[in-house]
Amino acid sequence: MTHLRTRAVHAGQHPDAASGAIATPITQTTAFGYGTLERGAAIFAGEAPGYRYSRFGNPTVAALESKMANLEGAQAAVAFASGTAATSSVLLGLLSPGDEIVFLGPLYGGTEGLFRQMGERFGIRVVDATQLGLATCLTPATRMVWVETLTNPSLRVHDLTEVAALAKAHGVLTVADNTFCTPWLVRPLEHGIDLVMHSMTKYLGGHGDATGGIVAGSAALIAPVRKTGLGHVGGNLSPQEAFLFLRGIKTLPLRMAAHCEGAAAVAHFLAQHPAVQVVHYPGLASHPQHALAQRLLQGGFGGMVAFELVRNERAAAAAVLNRLQLFTQAVSLGDVDSLACHPASTTHSVVSAAVRAYNGITEGLIRLSVGIEHPDDLIADLGQALTQVV
Ligand code: 4LM
C-alpha cells in the first residue's frame, strides 16, 4: 500500500474478526469486560493489551487513529472530541508553567484565543512571531512552535522545513495544524515537524456532520498528550463520530481533487473581477508564497479562497454574503457544500484588531470554503452576488 489514495481506503481497517464486516463496527460501549481480576490489573498497569474504558481507548477510535497515523507517516496518533480538544491537550500534555509557545500566524482565531486565554492563565507565555520572524522570537524558555500549514483565513504558506530545522537547532518542539491541507496535500512530519494536528471536523470528515480532532507523531510525544487529553481532560472522541471519520477519509483524495479544482477556478474568476482587490489563494502566481506552495504542496493548493473587496468595509462584505445562494453563510470548512464567512466578525472576532490588521483580516475580507459542486455554478453565484458592490 504505497499510494496515499489506497491507504486512505484501507489503512487501519480490516474485516471484523468476529463477523467479517468490512466497515469497521461502531463499538458502542463504555467499559470492556476483562474477565479476571488479574487480567484487569495487568491491563490497568499497562502490562497486557486490551481495552478497559472508552475514555482511554475504543476499537472504532483506535482504527481511526491507526489510519491517520498511517496517512501522516507517524508512529502513533490520538483522537479527540474536537480540533480544539486536540490543541488544548497538546498544550496541557507537553507544556508547563514558565514555558513559551511561539506561533507563526495567522492562526484560526479560536486557537489563538485558546493560547492566550487558557495558556496564559496556566503560566505559558504566548509569542506571536508573525511580524518579527521565528529566529528573533526563540528564547531559552521557548518549548513549542505552532504553525498552520495553510493559514486561516488568509492562506499564507510557511516554510515547514525551515521552521522545523530552526526549532530543532534550539531544541524546540514543532506542531503543524494540517487542517486546511490534509495529508493529501502535505505531510508535515516529512518536513521534520514533530507533531501534526487536525480539526477532523473539516476535510477529513468532509460532510459537515461530525466534530473531532487528532494529533499524530512519535509514540514518545503522543503518550503524554494521550494521558493528559484522555485520562485527565476526558476529551475522547465518541465511536459514532470515529465511524463517520473512517468513512469520510476513504474518499478524502477524491474530494480534495474536486475542492482544489473548484477553488482554483473560483480564485481565477475573482482575480479578474473589478469588485475584488486581492485574492488569497496559493495557486495564483500573484500569491506571495506561490513558489513555496508549489514546492510544499502536492496535488493542488487546497479548497479555501479568501478575497478582499475594493470597497473594503463590512457593509460591502454583507451585501455580497447576504446575496449568495449556493454558498451557505456559515463558519467551518471542508464540507462537500460550499460555505462563506466574514472572518473579522466570526472566526477571528476573538483576536485583537491589531492582530487582524497585520494579518490582512479586514472588514472587506470574505472567506470561501469551496465545496465539490460544479465550479461554473459557484462562479455564477459569486458573479451575481458581486454585482452588489461593483
Ligand atoms: C473555522 N475552524 O475556521 P474544531 N484548526 C483550524 C481550524 O480552522 C479550526 C480548528 C483548528 C473553524 C471553526 C469554526 C485550522 C476551526 C478547531 O472546531 O474544534 O474541531 O477545530 O471556521
Side-chain angles (χ1 to χ4, degrees), residues 64 68 72 78-92 101 103-119 130 146-158 160 175-183 185-186 188 193 195-216 229 233 235-238 241-242 244-245 248 259 280 282 302-306 321 327-335 337-351 356 359 361 365-371:
L64 171 66
M68 280 306 296
E72 287 288 6
V78 54
F80 293 100
S82 67
T84 304
T87 300
S88 48
S89 299
V90 169
L91 264 60
L92 293 170
I101 182 167
F103 71 87
L104 284 167
L107 298 179
Y108 164 53
T111 302
E112 187 180 336
L114 183 164
F115 286 180
R116 295 201 181 282
Q117 289 161 30
M118 185 193 81
T130 310
W146 195 285
V147 65
E148 291 178 359
T149 51
L150 266 181
T151 68
N152 185 352
S154 45
L155 289 312
R156 188 172 165 171
V157 189
H158 296 293
L160 296 183
V175 185
D177 179 338
N178 201 20
T179 300
F180 272 38
C181 286
T182 82
L185 297 186
V186 68
I193 297 286
L195 285 172
V196 56
M197 69 77 55
H198 288 272
S199 167
M200 295 193 293
T201 315
K202 312 298 181 330
Y203 290 103
L204 297 175
H207 296 72
D209 54 11
T211 304
I214 201 148
V215 185
V233 179
N236 55 294
L237 184 71
S238 85
E241 307 287 275
L244 290 172
F245 292 120
H259 286 298
H280 302 289
M304 299 298 293
V305 180
L321 284 162
F327 283 85
T328 302
Q329 266 196 81
V331 296
S332 203
L333 55 118
D335 296 4
D337 303 45
S338 288
L339 307 174
C341 78
H342 180 245
S345 63
T346 60
T347 54
H348 291 73
S349 57
V350 298
V351 302
R356 282 205 301 270
N359 284 315
I361 308 168
L365 186 80
I366 292 173
R367 188 189 78 177
L368 304 176
S369 171
V370 178

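Start at 1 with the first residue, then count along the sequence. No hydrogens, no waters, no symmetry mates; every other heavy atom, side chains included, goes into these values. Start at 1 and go down the list; that is how both ligands and their atoms are numbered.
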Undergrad: If every non-hydrogen atom of Gly109 is compared with every non-hydrogen atom of His348, which pair is closest and at what distance?
TA: N-NE2, 3.4 Å

Undergrad: Within the structure provided, determine whether Ser89 and Val215 are in side-chain contact (heavy-atom separation under 4.5 Å).
TA: no

Undergrad: To check your reading of the model: name the closest protein heavy atom to atom 6 (C) of ligand 1, its residue, and the distance in Å.
TA: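 Nearest neighbour among protein heavy atoms for atom 6 (C) of ligand 1, to 0.1 Å: Asp177 OD2, 3.4 Å.
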
Undergrad: Is it the side chain (CB and beyond), the backbone, both or neither of Thr179 that lies under 4.0 Å from ligand 1, heavy atoms counted?
TA: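 Contact part for Thr179 vs ligand 1: side chain (C-beta onward).
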
Undergrad: Quick one: look up the protein heavy atom nearest atom 20 (O) of ligand 1 and list residue, atom name and how far away it is.
TA: Thr201 OG1, 2.7 Å

Undergrad: Met197: heavy atom below 4.0 Å from ligand 1, yes or no?
TA: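 In this structure, Met197 fails to qualify as a contact of ligand 1 - no heavy atom is under 4.0 Å.
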
Undergrad: Could an N or O of ligand 1 be found under 3.5 Å from any N or O of Thr111, whether backbone or side chain?
TA: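 In this structure, Thr111 places no N or O atom under 3.5 Å from an N or O of ligand 1.
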
Undergrad: Using modelled atom types only, decide if a donor and an acceptor are shared between the side chain of Thr130 and the backbone of Gly105 within a distance under 3.5 Å.
TA: yes

Undergrad: Give a yes/no on ligand 1: does Met200 have at least one heavy atom closer than 4.0 angstrom to it?
TA: no

Undergrad: Trp146 versus Val90: any side-chain heavy-atom pair under 4.5 Å?
TA: yes

Undergrad: Mark the output for Gly213 as yes if a heavy-atom distance to ligand 1 is under 4.0 Å, and as no if none is.
TA: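 Contact check Gly213 vs ligand 1: negative.
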
Undergrad: Check for a donor-acceptor pair, side chain of Ser82 on one end and backbone N or O of Gly213 on the other, with a separation under 3.5 Å.
TA: no

Undergrad: Check whether the side chains of Asn152 and Arg367 place a donor and an acceptor atom closer than 3.5 Å, and report yes or no.
TA: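 Result is yes, a qualifying pair exists.
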
Undergrad: Would you mind listing which atoms of ligand 1 come within a distance below 4.0 Å of any non-hydrogen atom of Gly83?
TA: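 Going through ligand 1 atom by atom, the ones under 4.0 Å from Gly83 are 4 (P), 19 (O), 20 (O), 21 (O).
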
Undergrad: What I'd like to find out is whether the side chain of Pro183 reaches to under 4.5 Å of the side chain of Leu204, using heavy atoms alone.
TA: yes

Undergrad: Can you report which non-hydrogen protein atom sits closest to atom 22 (O) of ligand 1, along with the distance?
TA: Ser332 N, 2.7 Å

Undergrad: Would you find a donor on one side and an acceptor on the other, under 3.5 Å apart, between the side chain of Thr179 and the backbone of Ser199?
TA: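 Yes: the side chain of Thr179 pairs with the backbone of Ser199.
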
Undergrad: Ignoring hydrogens and angles, tell me if any N or O in the side chain of Thr201 forms a donor-acceptor pair with the backbone of Gly212 under 3.5 Å.
TA: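 Yes, because the side chain of Thr201 sits within donor-acceptor range (under 3.5 Å) of the backbone of Gly212.
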
Undergrad: Return the residue, atom name and 0.1 Å-rounded distance of the protein heavy atom closest to atom 18 (O) of ligand 1.
TA: Lys202 NZ, 3.5 Å

Undergrad: Within the 4.0 Å heavy-atom shell around Ser199, which atoms of ligand 1 are there?
TA: 4 (P), 10 (C), 11 (C), 20 (O), 21 (O)

Undergrad: Quick test: of every protein heavy atom, which one is nearest to atom 19 (O) of ligand 1, and how far off is it to 0.1 Å?
TA: Thr84 OG1, 2.6 Å

Undergrad: Considering non-hydrogen atoms of the protein only, which is the closest contact for atom 9 (C) of ligand 1, and what is the distance?
TA: Tyr108 CD2, 3.3 Å

Undergrad: Around atom 8 (O) of ligand 1, find the nearest protein heavy atom and jot down its residue, atom name and distance.
TA: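 Scanning the protein heavy atoms, the shortest distance from atom 8 (O) of ligand 1 goes to Asn152 ND2, 3.0 Å.
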
Undergrad: So if I count the atoms of ligand 1 from 1 in the order they appear, which ones are less than 4.0 Å from some heavy atom of Thr347?
TA: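 Near Thr347, meaning under 4.0 Å from one of its heavy atoms, ligand 1 has 1 (C), 3 (O), 22 (O).
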
Undergrad: Could you tell me which atoms of ligand 1, counted from 1 in the order shown, lie closer than 4.0 angstrom to a heavy atom of Glu148?
TA: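 With Glu148 as reference, the close atoms of ligand 1 come out as 15 (C).
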
Undergrad: Taking His198 for its side chain and Val196 for its backbone only, find out whether a donor-acceptor pair lies under 3.5 Å.
TA: no

Undergrad: For ligand 1, does Leu107 get within less than 4.0 Å through its side chain, its backbone, both, or neither, judged by non-hydrogen atoms?
TA: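 No part of Leu107 comes within reach of ligand 1.
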
Undergrad: Quick check against the 3.5 Å criterion: does Glu148 have a side-chain atom that pairs as donor or acceptor with the backbone of Tyr108?
TA: yes

